Amino acid sequence: MQNFVYHNPTKIIFGRNTISAIGSETILWGRHALLVYGKTSSKKSGLYDQVTRALTEAGVSVTEHGGVRSNPTLDHVRSGIRKAKDHGCDVIVALGGGSVIDSAKAISAGAVVNHDVWKFFIGKKSIKDTLPLTTVLTIAATGSEMNSGMVITNEKTREKFGFGNKRLFPKVSILDPQITFTVPADYTAYGAVDAISHVLEFYMTTQDPATPVQDRLMEGLIENSMDACNRCLQDLKDYAARADLMWTATLALNGLTASGLGRVGFPMHMIEHSLSALYDIAHGAGLSIIIPGWLVWFSSQNPERVAQLGRRVFGRSIVDTQSTQQQARETHIALKKWFDSVHSPTSLSDVGISATDLPAIAENALKLAKVWRLSAYTRESIEEILRLCL
Ligand code: NZQ
Ligand code: ZN
């Protein structure tokens, strides 16, 4: 195990009927909130009313910034920053999923500087300060509620870039699984795929050959993502299943799994972000397209790592008597089958992308590979992976 520092400062309030705590938690950080939320779901479900009431009762005044779309955009972030500055907001409240929380993080960083917020994303400026952020999570998926990352799309340049900074951790996140009863089946599945992908990225790109604690933790999170998702899809209002999925997704990307693994990468996300940027595909749907192809490609470099995952997670169908290569192959097939079973797309052709589109996708992904310093990924290798996803 390699040296590491694990410091996650986000307070989690988890469980039934916890939403009203957003008022008393937010007033600890500021008196005038910019409330960031999405398109329609929070108003339809009554959640928006609950949150605004709790804020007002606690003495927090509210300026609104709704309408965040999935795969959130830079222009909408910029207008949120203008509002936060014009209204003198001293705290940001996010009510939504990863798109809303990421927008809120970008606003919290952009509201305290005079330069354009995109400079953070392209590495031209670093974050030295932010407005405090509190969140109410409405969908289990990204882990943004307990991590320091954010992902925003620049529509002009068609770049979907993400990065992390320790000042972006939310101060507090409220996770009430009941809120996720209204998440439709497709986004429930995409969220589980996303959680799985976060674990897989680190599991596969670990720099350390002996991390048994982390391995078992990660294998458990992958198994639980699949199991909880299956149960949610049988009954969207199954509290225990929603709770399991929500907490699994949070733990999948809160720094814990990567601790001790050395410098890990995020290559499947690097390629997926180009699908979202160019075709506006839901993040989880893009990942279930990329993961199987990437695993085939990666199996030629490290079949044992892929095989280990298969033996431990899909034990029954993958056995020691098979060769390592066969086990790795069975692993990618088993995972793909599960993606199919929850109706998340598993090939580029499923979403109308053909071989002629691959060079443009690779070109786009290469820009993020450079920003993320994934130097092993060239235009050629990205295209090769994409061909395996057709
Ligand atoms: O906009 P509304 O109407 O609220 O609808 C949303 C949206 O259409 C809906 N939804 C959310 N909560 C709901 C609900 N519908 C019914 N009931 C509820 N309770 O779900 C749809 C998707 O929401 P979104 O926030 O886009 O989903 P997700 O949480 O998957 O976030 C995806 C974004 O996060 C980024 C992705 O790239 C993508 O842009 N990521 C952020 C990460 C991070 N900050 O650490 C890591 C991830 O890898 C990911 O890249
Ligand atoms: Zn993700």
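Just so it is clear, the structure is predicted and the values come from calculations on it, not from any experiment. Whatever order the structure lists them in is the order used to number ligands and atoms, beginning at 1.
Classified by interplanar angle (parallel below 30°, tilted 30° to 60°, perpendicular above 60°), the ring pair Trp372/His273 is perpendicular. Between Trp294 and Phe298, the two ring planes are parallel [angle under 30°; tilted spans 30° to 60°]. Under the 30°/60° scheme for interplanar angles, the aromatic rings of His115 and Phe120 are found to stand perpendicular. Using a 30° and 60° split on the angle between ring planes, Trp118 and Phe161 fall in the parallel class, below 30°.
At least one side-chain heavy atom of Leu200 sits under 4.5 Å from a side-chain heavy atom of Leu335.
Each protein N, O or S atom less than 2.8 Å from the Zn ion (ligand 2) was counted, giving 4.
Using a 4.0 Å cut-off between charged side-chain N and carboxylate O, Arg216 and Glu219 make a salt bridge. The existence of a salt bridge linking Arg78 and Asp75 is confirmed by a sub-4.0 Å separation between a basic side-chain nitrogen and an acidic carboxylate oxygen.
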Polar pairs, ligand 1 vs protein, N/O only, below 3.5 Å.
| unit_1 | atom_1 | unit_2 | atom_2 | d |
| --- | --- | --- | --- | --- |
| ligand 1 | 1 (O) | Lys39 | N | 2.8 |
| ligand 1 | 3 (O) | Thr40 | N | 2.7 |
| ligand 1 | 3 (O) | Thr40 | OG1 | 3.4 |
| ligand 1 | 3 (O) | Ser41 | N | 2.8 |
| ligand 1 | 4 (O) | Ser41 | OG | 2.7 |
| ligand 1 | 12 (N) | Thr138 | O | 3.4 |
| ligand 1 | 12 (N) | Thr138 | OG1 | 2.8 |
| ligand 1 | 17 (N) | Thr182 | OG1 | 2.7 |
| ligand 1 | 19 (N) | Thr138 | O | 3.0 |
| ligand 1 | 19 (N) | Ile179 | O | 3.1 |
| ligand 1 | 19 (N) | Thr182 | OG1 | 3.4 |
| ligand 1 | 25 (O) | Gly98 | N | 3.3 |
| ligand 1 | 25 (O) | Ser99 | N | 3.0 |
| ligand 1 | 25 (O) | Ser99 | OG | 3.4 |
| ligand 1 | 26 (O) | Ser70 | OG | 2.5 |
| ligand 1 | 26 (O) | Ser99 | OG | 2.5 |
| ligand 1 | 29 (O) | Gly98 | N | 2.7 |
| ligand 1 | 31 (O) | Gly98 | N | 3.4 |
| ligand 1 | 31 (O) | Ser99 | N | 3.4 |
| ligand 1 | 37 (O) | Lys160 | NZ | 2.7 |
| ligand 1 | 39 (O) | Lys160 | NZ | 3.4 |
| ligand 1 | 44 (N) | Asp102 | OD1 | 2.7 |
| ligand 1 | 44 (N) | Asp102 | OD2 | 3.2 |
| ligand 1 | 44 (N) | Ser144 | OG | 3.2 |
| ligand 1 | 44 (N) | Gly149 | O | 3.2 |
| ligand 1 | 45 (O) | Asn147 | OD1 | 3.4 |
| ligand 1 | 45 (O) | Asn147 | ND2 | 2.9 |
| ligand 1 | 48 (O) | His198 | NE2 | 2.7 |
| ligand 1 | 48 (O) | His269 | NE2 | 2.8 |
| ligand 1 | 48 (O) | His283 | NE2 | 3.1 |
| ligand 1 | 50 (O) | His273 | NE2 | 3.4 |
| ligand 1 | 50 (O) | His283 | NE2 | 3.3 |

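Using modelled atom types, one finds no donor on one side chain facing an acceptor on the other under 3.5 Å when comparing Glu201 with Thr205. Arg242 and Thr188 share a side-chain donor-acceptor pair at under 3.5 Å.
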